[in-house]
There are 2 protein chains.
Amino acid sequence: LIELRGLTKVYVMGSEEVRALDGIDLDIDRAEYVTIMGPSGSGKSTLMNLIGCLDTPTDGDYRLEGELVSNLDDDELAAIRNRRIGFIFQTFNLLPRATSLENVELPLIYARVTPADRKERAAQALTKVDLANRLDHRPNELSGGQRQRVAIARALVTEPSILLADEPTGNLDTKTGNEIMALFQQLHADGQTIIVVTHDPAVATLGERTIRLIDGRITEDVRQTQA
Amino acid sequence: LIELRGLTKVYVMGSEEVRALDGIDLDIDRAEYVTIMGPSGSGKSTLMNLIGCLDTPTDGDYRLEGELVSNLDDDELAAIRNRRIGFIFQTFNLLPRATSLENVELPLIYARVTPADRKERAAQALTKVDLANRLDHRPNELSGGQRQRVAIARALVTEPSILLADEPTGNLDTKTGNEIMALFQQLHADGQTIIVVTHDPAVATLGERTIRLIDGRITEDVRQTQA
Ligand SMILES: Nc1ncnc2c1ncn2[C@@H]1O[C@H](COP(=O)(O)OP(=O)(O)OP(=O)(O)O)[C@@H](O)[C@H]1O
Ligand SMILES: Nc1ncnc2c1ncn2[C@@H]1O[C@H](COP(=O)(O)OP(=O)(O)OP(=O)(O)O)[C@@H](O)[C@H]1O
Ligand SMILES: [Mg+2]
Ligand SMILES: [Mg+2]
């Protein structure tokens, strides 16, 4: 499903160069559940943004279902982002002037779902993350963990075939975090591909395979042996 | 040092009422190291904002060193916020167009430190959180955990007598998180008062006392017995 070859992302700042990703070779199959760990600043979010077609590499190739992503035009990329990929950002990226419900409806607007269906599906998604009583709150009227859950509901509402979650439980207590991971598990059971960046070892073990990044390179790629 | 009596914060939304804090009674002594835990949405950040003089209660009293905070004027409140309290926000609240160094210098500008001293102290604070090689980056050129560490450095640079940290390790890997908690420990050893909101039980045990919030009320207040 996902093939990365020599994927590199370099930021040039004046005379300095930051190699955020430094030659990533990685294959992820359909329906795999992969977790990614690594120190702060090691390139995890950069890698997720490239996989999610939100950014382009400085060098190297990214094939999605055999297609070279760099060959796709803007419309094709937008279609992939809106219909196939659900992205939970490390910093949530909610629309500040929209309510929880409106924020979660947004991907369904792109998918051309009717207004009545949109409202119902968005309300269901928010109920699944235990925010049924916060539908009309705007982000600044929500706690940190509630905003994170709105971002999660927004990513799940389209039932994406690829879920990319960048530190989805960072602002959640253990119990609420477990409820979210159970939702991911359900999605995986339905055959979807899940990639989770996490600093929490307890979350990392929920995947079938854990990849470690240090300084923009993969240093470890371990498949959990399952009973 | 800190006395809260019947502290209440109610948000009115149309015909609904959200009781974010519902009658908090709490005493915190000088040089105490307190951790606060509780489910997402239970009122932890609201409590921190009130203690940090960033918000005012709907009801109840807050005495800081015996003084009723509600009786203080804007200048006195600003003086408390800028010189006595260091605040690490759950959502960092960095100036987006300033560099790491400039963001950390900001509290020192209020404290009327000379430009040369400011730069040096800000650089030292950033070095302590392992960001010496990121002084010139702006927030959008930093990883999530790097932004969190800039927010931490900014709160520590004034050597505050009261440190309020709202989920300071949420975006950090275990090793980096331990380094940050070691900095807090040093500050505490110097006699400062530390209050940390955290979802991480490992961080909560570093305090001398753990308070639990549920639905805006304190349900538990446990002093760790120390060897
Ligand atoms: N626009 C940019 N310009 C320069 N450097 C950048 C830019 N964006 C990111 N970086 C750098 O690239 C590196 C990787 O960033 P990335 O956000 O991928 O890290 P991360 O692994 O997600 O970290 P964290 O766990 O803290 O979220 C960091 O060292 C960061 O400072
Ligand atoms: N401006 C507001 N209007 C209405 N409700 C609000 C507002 N701000 C916060 N709330 C509500 O107050 C409650 C407490 O919020 P708070 O941010 O203190 O929670 P928290 O314990 O810090 O949660 P988290 O662990 O998710 O950060 C939440 O249920 C939130 O929805
Ligand atoms: Mg990141
Ligand atoms: Mg909070």
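Below, read A as the first sequence line, B as the second, and so on, with proteins coming before strands; counting in each chain starts at 1.
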Heavy-atom distance under 4.5 Å to chain B: side chain of [X], backbone, both or neither?
| X | answer |
| --- | --- |
| A:S143 | side chain |
| A:S45 | neither |
| A:D130 | neither |
| A:E141 | side chain |
| A:E167 | side chain |

Highest number of heavy-atom pairs under 4.5 Å with chain A among B:Q148, B:E16, B:H137 belongs to B:H137

Compare all side-chain heavy atoms of [X] with those of [Y] and state whether any distance is below 4.5 angstrom.
| X | Y | value |
| --- | --- | --- |
| B:S40 | A:Q146 | yes |
| A:T169 | B:H199 | no |
| A:R134 | B:V18 | yes |

Minimum-distance pair of heavy atoms, taken over all atoms of A:R147 and B:T91: NH1-CG2, 3.5 Å

With sequence neighbours left out, write down each residue that passes salt bridge (charged side-chain N to carboxylate O under 4.0 Å, His left out) with A:D22, or none if nothing qualifies. A:R19, A:R217

With a sphere of 6.0 Å drawn around CG of B:D215, does it hold more than 12 non-hydrogen atoms of other residues, nucleotides or ligands? no

For the backbone of A:G38 and the side chain of B:D173, can you confirm whether one donor and one acceptor N or O come within less than 3.5 Å of each other? no

